[in-house]
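Just so you know, these numbers come straight off a predicted model, no measurement behind them.
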Amino acid sequence: MAPQYAQSLRFRLPPLLFFLQTGFIVVFIVYVDIEQNVQTKQHAFNNYYSEFQDVHVMVILGFGFLATFLVRYSFSGAGFTLLVVAMAVQWAVILNGVESMYHRGNILINMRSLVVAEMCTASSLIAIGAVLGKTNPVHLLLIALLEISGFVLNGWLLQTFVKVQFLNTIMLLHIFGAFFGLMLSWVLYRQGSEQQHEKEKIDRKTGLFSVMGTLFLWMFWPSFNSVLVEVDHLDRGRSLRAVYSTYLALAVSAVTAAGFSVLTSPQGKLNLFHIQRCTLAGGVAIGVAMSAVHLPWVATAIGFAAALISTLGSRYIKVRMNKFLNCPWAFTISYYCFFYLSAHHAVCI
């Protein structure tokens, strides 16, 4: 069967890119400025730049390679991730500075604001993963902008009316992205899409490249969880404990996911899907529970429970969930729901 190619994007993607980028440039000219306080700039550079590099690697290389698991999509997923991140970061900087613009008349850019923008972008990449292979770059850009708008609004509502600390609201990016992706897949569902498309197939090469994304995420996740701890807690020890706890949870979740992957496999082999995703469950669970983790054994227990629930959920529950939600996109939806949501439930164990 000859491959089915999508319609040309020549008359859809460039106009959208030029329109959005021109609008962002205008906003940056009129409202955005760089923080001028020398001491503050030096402090921010010393405290944020190394962690900003780690978060940047996670978002670009981690999520980029993780999106290469589909055969016909493969390396295009990495390129689309870069395109989405480049556009979404600018939108996140503007939205996060709206309150500052209301009070001061302008938006100040510093290292912290760039880190927050990168983390907001990571939330949109989580949601995009739920419809990867079913959407083109135009869809991906619009989805990212819409998801970031909702995530920033959700954080503002939680901080304003529920009095939730900023760190706790930003760490809900996994949960918000998972729910947004689930809602998006349900909205985009069309009758007849139950049949697997040729671009949804997976092979060994793309699976291995996807594991590279997992490795990048696994290595730099401690920085991802600890980079903003200093914002709400001036005690340097809180940031270091976040690093220790994240690393321990990741280590335990990797071992647990591998063990249960073999136990649940009919052939008694490691499942590449579990290695790609479920090994990261501990990092996600610790991210939403950092304020409650004070002892090493708590971090290890959270990592074990998160990997256990994530692995068993993706192995046994995803099929029933797909039938219940009448959603054919089993491969991606089951991951984003059970990986992130199950990791969140593990916090309460």
Side-chain angles (χ1 to χ4, degrees), residues 3-9 12-14 16-17 55-89 118-148 173-174 177-178 180-182 184-185 188 193 196-221 224 271-280 314 327-337 339-340:
Q4 301 175 8
Y5 294 101
Q7 297 178 359
S8 174
L9 296 175
R12 291 180 289 172
L13 183 60
L16 177 64
L17 292 177
V55 175
H56 201 55
V57 170
M58 283 185 63
V59 173
I60 301 295
L61 295 181
F63 284 101
F65 279 113
L66 197 64
T68 63
F69 60 88
L70 298 174
V71 175
R72 294 292 309 283
Y73 215 69
S74 61
F75 304 115
S76 298
F80 294 159
T81 298
L82 177 60
L83 175 62
V84 169
V85 170
M87 188 66 70
V89 164
E118 291 268 11
M119 300 182 79
C120 294
T121 303
S123 179
S124 68
L125 295 178
I126 293 170
I128 286 174
V131 293
L132 201 62
K134 290 283 188 177
T135 49
N136 60 42
V138 174
H139 299 145
L140 298 181
L141 285 172
L142 296 177
I143 290 170
L145 299 180
L146 180 61
E147 196 278 344
I148 290 176
L173 64 94
H174 314 292
F180 192 91
L182 180 62
L184 188 65
S185 64
L188 295 180
S193 59
Q196 188 181 39
H197 194 272
E198 59 178 341
K199 293 186 177 182
E200 294 181 274
K201 298 178 182 178
I202 305 165
D203 68 359
R204 183 182 300 272
K205 182 180 69 173
T206 57
L208 291 177
F209 272 98
S210 183
V211 171
M212 288 182 58
T214 301
L215 295 178
F216 281 113
L217 293 173
W218 200 94
M219 289 188 298
F220 294 109
W221 210 292
F224 189 85
N271 188 317
L272 185 62
F273 178 82
H274 296 158
I275 301 302
Q276 289 171 340
R277 272 78 174 181
C278 301
T279 54
L280 303 173
S314 64
C327 177
W329 304 344
F331 189 86
T332 53
I333 293 301
S334 56
Y335 157 52
Y336 281 98
C337 289
F339 171 40
Y340 288 107

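Here the SG atom belonging to Cys120 is positioned 11.5 Å from the CG atom belonging to Leu125, to the nearest 0.5 angstrom. Note that the NE2 atom of His139 and the CZ atom of Arg12 stand 6.5 Å from one another [nearest 0.5 Å]. Between atom CD1 of residue Ile126 and atom OG1 of residue Thr121 there is a gap of 11.0 Å, rounded to the nearest 0.5 Å. To the nearest 0.5 Å, atom CG of residue Leu146 and atom CD1 of residue Ile148 are 10.0 Å apart. In this structure, CZ in Phe180 is found 14.0 Å from CG in Leu173, a value given to the nearest 0.5 Å. Taken from OG1 in Thr214 to CG in Leu280, the straight-line distance is 5.5 Å, to the nearest 0.5 Å.
Side-chain atoms of Leu83 and Leu17, non-hydrogen and from C-beta on, do get closer than 4.5 Å to each other.
Summarising the geometry of Thr81 relative to Val59, their closest heavy-atom pair is CG2-O, 3.9 Å, with the distance given to 0.1 Å. Summarising the geometry of Ala144 relative to Val84, their closest heavy-atom pair is CB-CG1, 3.5 Å, with the distance given to 0.1 Å.
Under the rule for a side-chain hydrogen bond (donor to acceptor under 3.5 Å, both in side chains), the partners of Ser123 that lie at least two apart in sequence or sit in another chain are Glu147.
Note on ring orientation: taking the six-membered ring where Trp is involved, the planes of Phe224 and His174 are tilted (angle from 30° to 60°).
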Margin query: side-chain contact (heavy atoms from CB on, under 4.5 Å) for Leu217 and Phe63? Distances and angles first, verdict last.
Written below: CA-CA 8 Å; Leu217 293 173; Phe63 284 101; 4.1 Å; yes
Next item on the list: Please report the C-alpha distance between Phe216 and Phe220 in whole Å, then the side-chain angles of each, then the deciding distance to 0.1 Å, and finally whether the side-chain contact (heavy atoms from CB on, under 4.5 Å) criterion is met.
Entry: CA-CA 6 Å; Phe216 281 113; Phe220 294 109; 4.0 Å; yes
Next item on the list: Report the C-alpha distance between Ile128 and Thr135 in whole Å, list the side-chain angles of each, state the deciding distance to 0.1 Å, and finish with yes or no for side-chain contact (heavy atoms from CB on, under 4.5 Å).
Entry: CA-CA 9 Å; Ile128 286 174; Thr135 49; 5.7 Å; no
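For the side chain to side chain contact (heavy atoms under 4.5 Å, CB included) test with Phe80, the passing option among Asn136, Leu140, Leu141 is Leu140; the others fail.
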